[in-house]
Amino acid sequence: MTSAPAPRENVGRIPAYVPGKPPAPRPGLTTYKLSSNENPYPPLPGVVEAASRVVAEMNRYPDMGAVALYDALAARFGVGVGNLATATGSVALIYQLLQAFCDPGDEVVYAWRSFEAYPIAVTAAAATSVQVPVTVTGEHDLDAMAAAITDRTKVAIVCTPNNPTGPSVTHAALLDFLAKVPPHVLVVVDEAYVEFVRMDDPVDGLALQRQLPNVVVTRTFSKAYGLANLRVGYAVAEEPVAAALRAVSLPFGVSGVAQAAAVASLAAESELLERVDALVAERTRVRDGLTSIGWAIPEAQGNFVWFPLGERTLDFAAACQEVGVTVRPFAGDGARVSIGETEANDRILEVAKGFLG
Ligand SMILES: *Cc1c(COP(=O)(O)O)cnc(C)c1O
């Protein structure tokens, strides 16, 4: 008998989530946060008003069924309400999915480096991570991922565009991968940055989902829609899969404020997507500026760029901090820099000149 209550063994192995740091104040200098892939635009007035109306009802529980949000999503994406699950960010949906589908020791295949929440969620579910290295250009190696699938695999995750390296897979490549995946494996297509993708043959996750019952698409209001603080994401899946996601969700998880803001954001989508266009234009300017001076920056399909700095990563992050900008370093590997305000992006371009070669 041990003398104190002990969590399950896997809990001790859960890696820490490293949040993007806010910038330290610099007297006389405007500082910028490019460390969390946030949307730099302030919320639209109409969205703030819709959310504020619900703030005034904070003594009441939210609508547990999030009916208005499910209806709005179903109408917007042409899917059935039964194909949807919403949660407190798409991170929560990934946790729920692993909780609902994995027994202890089941394998979850995903690319690495990729979204840092994956190993956390997999370990929290007592499942086993099978990490398949991305290519030197930061792309998913879908052949190697297909080869890594075994009888123990329950879930495979494709992060497209890949956070933090930037490239997206093509629709054809994903379809080819899916053809090799056995039907007992659930494939999560994490489309957190789908609104930022500008490429030939982009993934149509919803079409794949309609075609293949083992595909789940996850998306979020945190990035393109600028609601990161309110925590709301959604999944589109085959009805039994969506039902499993809802079954394991926390009751009343998505707040009424978040529901109202998400519904208002869908109604204001064209205005929000104009902002996405502007961020995409900035992304192109930043990446072109970097490649023109000799940087090898992977294809950038999200709202961020990846600097493959290796051992110089922390020095680069410190140099950015010196000019009042925080970025997200992954020590020994590279730095992810979100596309933000023009002035912030300019400062990054300046710092990057000193880190060539
Ligand atoms: C930001 C992000 C998410 C979702 O974030 P939430 O705020 O939890 O919705 C999911 N996947 C990836 C790859 C992300 O970068």
Side-chain angles (χ1 to χ4, degrees), residues 19-20 33-41 73 76-77 87 89-94 110-118 134 137-140 142 157-171 173-174 187-209 215-236 262 265-266 269 272-287 297-307 327-328 330 334-340 345:
K33 182 171 180 236
L34 301 186
S35 54
S36 297
N37 291 349
E38 292 156 345
N39 193 316
Y41 288 95
L73 287 167
R76 169 64 184 85
F77 296 110
S90 58
V91 162
L93 289 159
I94 292 163
Y110 55 90
W112 197 251
R113 185 173 294 278
S114 187
F115 187 32
E116 73 173 309
Y118 299 157
V134 295
T137 49
E139 286 165 52
H140 277 52
L142 290 174
I157 309 175
V158 176
C159 185
T160 183
N162 189 46
N163 173 10
T165 60
S168 286
V169 302
T170 63
H171 192 83
L174 187 52
V187 180
V188 182
V189 182
D190 183 342
E191 293 197 307
Y193 302 94
V194 64
E195 299 86 356
F196 296 93
V197 173
R198 304 286 183 275
M199 64 189 283
D200 291 337
D201 195 24
V203 168
D204 184 342
L206 297 180
L208 291 174
Q209 198 291 308
V215 171
V216 185
V217 173
T218 58
R219 294 185 178 173
T220 179
F221 284 93
S222 296
K223 310 286 166 47
Y225 294 87
L227 301 184
N229 202 338
L230 293 183
R231 316 303 305 124
V232 49
Y234 59 97
V236 182
S265 296
L266 286 171
E269 195 173 33
L272 288 166
L273 293 184
E274 275 171 34
R275 294 167 158 198
V276 170
D277 283 338
L279 290 168
V280 167
E282 267 302 277
R283 175 182 80 196
T284 304
R285 181 180 77 86
V286 169
R287 185 165 178 276
I297 300 289
E299 190 61 40
Q301 291 293 334
N303 64 343
F304 53 90
V305 289
W306 173 250
F307 291 78
V327 303
R328 175 67 174 89
F330 296 87
R336 188 193 67 201
V337 181
S338 311
I339 299 298
N345 304 335

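Values below: every heavy atom of this structure, side chains too, minus hydrogens, waters and symmetry copies. The structure presented is a predicted model; accordingly, all values stated were derived computationally and were not measured.
Distance CG/L174 to CG/L208: 5.0 Å, rounded to 0.5 Å. For the atom pair F307 CZ and T165 OG1, the distance stands at 14.0 Å (nearest 0.5 Å). Distance OG1/T220 to OH/Y234: 8.5 Å, rounded to 0.5 Å. Atoms CZ and CG, from R336 and N303 in turn, are 8.5 Å apart once rounded to the nearest 0.5 Å. Remark: E195 CD to L279 CG distance equals 11.5 Å, nearest 0.5 Å. The distance from atom OH of Y225 to atom CD of E269, rounded to the nearest 0.5 Å, is 3.5 Å.
In this structure a side-chain-to-backbone donor-acceptor pair under 3.5 Å is present from Q301 to R198. Checking side-chain atoms of N345 against main-chain N and O of G340 turns up a donor-acceptor pair under 3.5 Å.
When all heavy atoms of L93 and A235 are compared, the closest pair comes out as CD1-N, 3.5 Å. Of all heavy-atom pairs between V169 and T160, the closest is N-OG1, 3.0 Å. Residues S36 and K223 share a closest heavy-atom pair of O-CE, 4.5 Å. Across all non-hydrogen atoms, the minimal contact from N39 to A224 is ND2-O, 3.0 Å. Considering every non-hydrogen atom in both P298 and R287, the closest pair reads O-NE, 3.0 Å. Heavy-atom minimum distance, F221 versus L73: CZ-CD2, 4.0 Å.
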Decide side-chain contact (heavy atoms from CB on, under 4.5 Å) for V286 and R283; before the verdict, give the C-alpha distance in whole Å, the side-chain angles of both, and the deciding distance to 0.1 Å.
CA-CA 5 Å; V286 169; R283 175 182 80 196; 5.9 Å; no

Determine, step by step, whether S265 and L272 satisfy the side-chain contact (heavy atoms from CB on, under 4.5 Å) criterion, reporting the C-alpha distance in whole Å, the side-chain angles of both residues, the deciding distance to 0.1 Å, and the verdict.
CA-CA 8 Å; S265 296; L272 288 166; 3.8 Å; yes

Tell me, with the steps shown, if E38 and S222 meet side-chain contact (heavy atoms from CB on, under 4.5 Å).
CA-CA 7 Å; E38 292 156 345; S222 296; over 6 Å; no

Would V91 and F115 count as a side-chain contact (heavy atoms from CB on, under 4.5 Å) here? Give the steps.
CA-CA 10 Å; V91 162; F115 187 32; 3.6 Å; yes

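Counting only N and O atoms by type, the side chains of S338 and N37 include a donor and acceptor under 3.5 Å apart. Residues Y118 and D190 have side chains that bring a donor and an acceptor to within less than 3.5 angstrom of each other.
Contact annotation: the side chain of H140 approaches that of C159 to within less than 4.5 Å [non-hydrogen atoms, C-beta and beyond]. Using a 4.5 Å heavy-atom threshold, the side chains of V134 and S114 count as separate.
Residues forming a salt bridge (charged side-chain N to carboxylate O under 4.0 Å, His left out) with R113 (at least two apart in sequence, or on another chain): D333. Contacts of T170 classified as side-chain contact (heavy atoms from CB on, under 4.5 Å), with partners at least two apart in sequence or in another chain: A172, A173, M199, D201. Residues satisfying the salt bridge (charged side-chain N to carboxylate O under 4.0 Å, His left out) criterion with E274, sequence neighbours excluded, are absent altogether.
With respect to F196, the side chain to side chain contact (heavy atoms under 4.5 Å, CB included) criterion is satisfied by exactly one of I339, D277, V276: V276.
Note: W306 and F330 have tilted aromatic rings, judged against thresholds of 30 and 60 degrees for the angle between ring planes.
Annotation: cation-pi pair R219/F77 present, NZ/CZ under 6.0 Å from the ring centroid and within 45° of its normal.
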